[in-house]
Protein chains: 2
Amino acid sequence: MEECYRTPYLLSTKKQTEFYNMIKKKKIKDKKSALLKATLTLVNNNGFHNAPMSKIAKLAGVAPATIYLYFENKQDLINTLYLEVKSSFSVCAFEGYEADLPVKQGFELIWYNAASYKLNQIEESTFLSQCDNTPMIDEEIRKEGLEPLRPLLDLWERGKKEGIIKPLSDFILYAYTIYPLSFLLAMQERNLYKVSKEELSETFQMTWSAIKS
Amino acid sequence: MEECYRTPYLLSTKKQTEFYNMIKKKKIKDKKSALLKATLTLVNNNGFHNAPMSKIAKLAGVAPATIYLYFENKQDLINTLYLEVKSSFSVCAFEGYEADLPVKQGFELIWYNAASYKLNQIEESTFLSQCDNTPMIDEEIRKEGLEPLRPLLDLWERGKKEGIIKPLSDFILYAYTIYPLSFLLAMQERNLYKVSKEELSETFQMTWSAIKS
DNA sequence: AACAAAAGAATGAACGTTCATTTATTGATT
DNA sequence: AATCAATAAATGAACGTTCATTCTTTTGTT
């Protein structure tokens, strides 16, 4: 523990300062992400309306007032969390994806990535589902959260041009591609159902049948 | 106004009593449904966490205390609303449906009914979407709300036996049948997208491609 | 010593709910 | 048909609590 933060006495003064700055930034980041994590947990378990700042602070191990050093207010905290999680989803979804992959192959990669995220990163996914359908997130922020999905839209665009994918609105494609996964996650989360590996591949077939030309 | 509630002096005393009881029940129902409607509107526009009893009362035109004559507490109010709306959805979904219809025909009927509800009864559908992903509704009540969907599950059962529908879990079938509609509703609600009539039929084709054997 | 980070107590507003009354309706009695 | 006690429905103010946020003090670092 202490070991980690020991003074690096072999370094120059300037280097030392840099080192301390790094630690400081890290500590700040730690606290910030502890707060975000606490918010995630509490909102998931109790809903937005029952995740008071006092509890968030307690779970993160800080005083209530400390939250306001890192976030403007509760809305800002929620917005930040939303954008962060949304972006982490995109990062996972496009892992290993290259824009020059054949349409079906690229789509399959993205879909399985997304499915794996939705069904395994349960806390994050549950939170996103909750955000998707409440006025809890500002519309502006919601739009911002959609940005990182661009590569998928581009892929669809290409698929439509090549006659591989139905020439329909991205919204409809999304409704049959990613959205069903949210439902399966919700059922899994409520212990009503668990998707097996074989079913997952069946499920991909369903998605593909739905959107292919 | 007064006309409506005029004494039906041509009726016997017993009949008169019955008449008055009817009016009383109607008035009570009026107030109750005014409260439910107000809750629906406020939860939709502001979210559960911003729909206080005081506002609900004001919008329904009653005093805050009056709510507690009709509902145990806020949770009960929400639960009641949820069950009522959920049931109204089912009523619409199965309008004109007979259990002896051929599988595809019956499914098509139900799907279009459901789509029409989701895309037209916007307030109700938006509310349901919001409920689907929050801890706002007790799990027990949520289960109760699923009951009226039985005929659809039976239809799927039959479809699987006849080899018409993929032998998959009802959850997966639901995820590709009804759930995508919720997404399209949400997009429509946010003025991001409007499903045209032609697209609706395309969309049905997608659903059918996904679940047919 | 100077400074920023963090804490904890404090604050006013807002919440869900209750309570003491008032108002409206009913049924019996004249 | 009129009166009146009894009951039910409805109210607005008030309660205790909890909330998001701020203020003042303490702690820790340079």
Side-chain angles (χ1 to χ4, degrees), chain A residues 2 5-9 11-32 34-35 38-39 42-43 46-80 136, chain B residues 1-2 5-9 12-32 34-35 38-39 42-43 46-80 136:
Chain A
E2 202 137 306
Y5 294 144
R6 191 185 47 193
T7 313
Y9 47 79
L11 301 174
S12 70
T13 319
K14 200 188 156 195
K15 281 273 163 85
Q16 274 191 29
T17 314
E18 271 175 25
F19 182 83
Y20 279 121
N21 281 345
M22 267 177 56
I23 289 179
K24 199 199 271 177
K25 267 188 194 155
K26 180 131 207 247
K27 271 190 181 171
I28 287 180
K29 239 189 175 172
D30 280 359
K31 220 157 256 184
K32 207 170 175 179
L35 280 165
T39 308
L42 281 170
V43 170
N46 311 333
F48 184 66
H49 69 282
N50 236 331
M53 297 297 255
S54 53
K55 277 190 197 168
I56 291 172
K58 188 175 278 178
L59 189 58
V62 299
T66 307
I67 301 179
Y68 293 86
L69 296 175
Y70 299 98
F71 302 97
E72 228 176 273
N73 50 35
K74 192 176 182 181
Q75 188 65 57
D76 180 38
L77 171 60
I78 297 280
N79 284 346
T80 306
M136 167 175 144
Chain B
M1 265 294 200
E2 202 135 309
Y5 293 143
R6 189 185 51 192
T7 314
Y9 48 79
S12 70
T13 318
K14 196 187 158 196
K15 282 274 163 83
Q16 275 191 26
T17 315
E18 272 176 23
F19 181 82
Y20 279 120
N21 281 344
M22 267 177 55
I23 288 179
K24 197 202 272 178
K25 268 186 193 155
K26 181 131 206 246
K27 271 188 180 172
I28 287 179
K29 242 190 174 170
D30 279 359
K31 219 157 257 184
K32 209 169 173 178
L35 280 165
T39 308
L42 281 170
V43 171
N46 310 335
F48 183 66
H49 65 103
N50 237 330
M53 297 297 255
S54 53
K55 275 191 197 168
I56 292 173
K58 188 175 277 179
L59 190 57
V62 299
T66 308
I67 300 179
Y68 293 85
L69 296 175
Y70 299 98
F71 303 96
E72 229 175 89
N73 49 35
K74 193 177 181 182
Q75 187 66 55
D76 180 40
L77 171 60
I78 296 281
N79 285 346
T80 306
M136 167 175 144

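The chains referred to below are lettered A, B, ... by the order of the sequence lines, with proteins before strands, and numbering in each begins at 1. All figures in this text were calculated on a predicted structure; none of them were measured in a lab.
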Atom-to-atom span, [atom1] of [X] to [atom2] of [N] - whole angstrom:
X: B:Leu35; N: D:dA9; atom1: CG; atom2: P; value: 15 Å
X: A:Asn46; N: D:dC19; atom1: CG; atom2: P; value: 10 Å
X: B:Lys58; N: D:dA13; atom1: NZ; atom2: C1'; value: 15 Å
X: B:Asn50; N: C:dC15; atom1: CG; atom2: C1'; value: 11 Å
X: B:Ile56; N: C:dC15; atom1: CD1; atom2: C1'; value: 12 Å
X: B:Leu77; N: C:dC15; atom1: CG; atom2: P; value: 15 Å
X: B:Phe48; N: C:dC15; atom1: CZ; atom2: C1'; value: 12 Å
X: B:Asp30; N: D:dA10; atom1: CG; atom2: P; value: 11 Å

(message) I need the single residue from A:Thr39, A:Ile78, A:Thr66, A:Leu77 that forms a side-chain contact (heavy atoms from CB on, under 4.5 Å) with A:Phe71. Which is it?
(response) A:Leu77

(message) Taking the side chain as everything from C-beta on, heavy atoms only, tell me whether A:His49 gets closer than 4.5 Å to B:Asn50.
(response) no

(message) Side chains of B:Asn46 and B:Lys55, heavy atoms from C-beta outward: is any pair under 4.5 Å?
(response) yes

(request) Between D:dA10, C:dA6, D:dC19, spot the one nearest the side chain of A:Leu69, thanks. (result) C:dA6

(request) Could you please name the option among D:dA10, D:dT11, D:dC19 that lies closest to any side-chain atom of B:Val62? (result) D:dT11

Which pairs, protein N/O on one side and nucleotides 21-24 of chain D N/O on the other, fall under 3.5 Å?
residue	atom	partner	partner atom	Å
D:dT21	OP2	A:Tyr68	OH	2.7
D:dT21	OP2	A:Lys74	N	3.0
D:dT21	O5'	A:Tyr68	OH	3.2

(request) Drop me the distance from A:Lys58's NZ to A:Leu42's CG, to the nearest 0.5 angstrom. (result) 11.0 Å

(request) Find the distance between CG (A:Leu59) and OG (A:Ser54) and round it off to the nearest 0.5 Å. (result) 11.5 Å

(request) Assess A:Lys74 against A:Tyr68: is NZ or CZ under 6.0 Å from the centre of the six-membered ring, and within 45 degrees of the ring's axis? (result) no

(message) For D:dC19 and A:Lys55 - does any side-chain N or O of the residue sit under 4.0 Å from the phosphate oxygens OP1/OP2?
(response) no

(message) If the cut-off is 4.0 Å, is A:Tyr70 near the phosphate of C:dA5, judged by side-chain N/O to OP1 or OP2?
(response) no

(request) Provide the closest heavy-atom pair for B:Phe48 versus B:Met136 in the form atom of the first, atom of the second, distance. (result) CB-SD, 3.6 Å

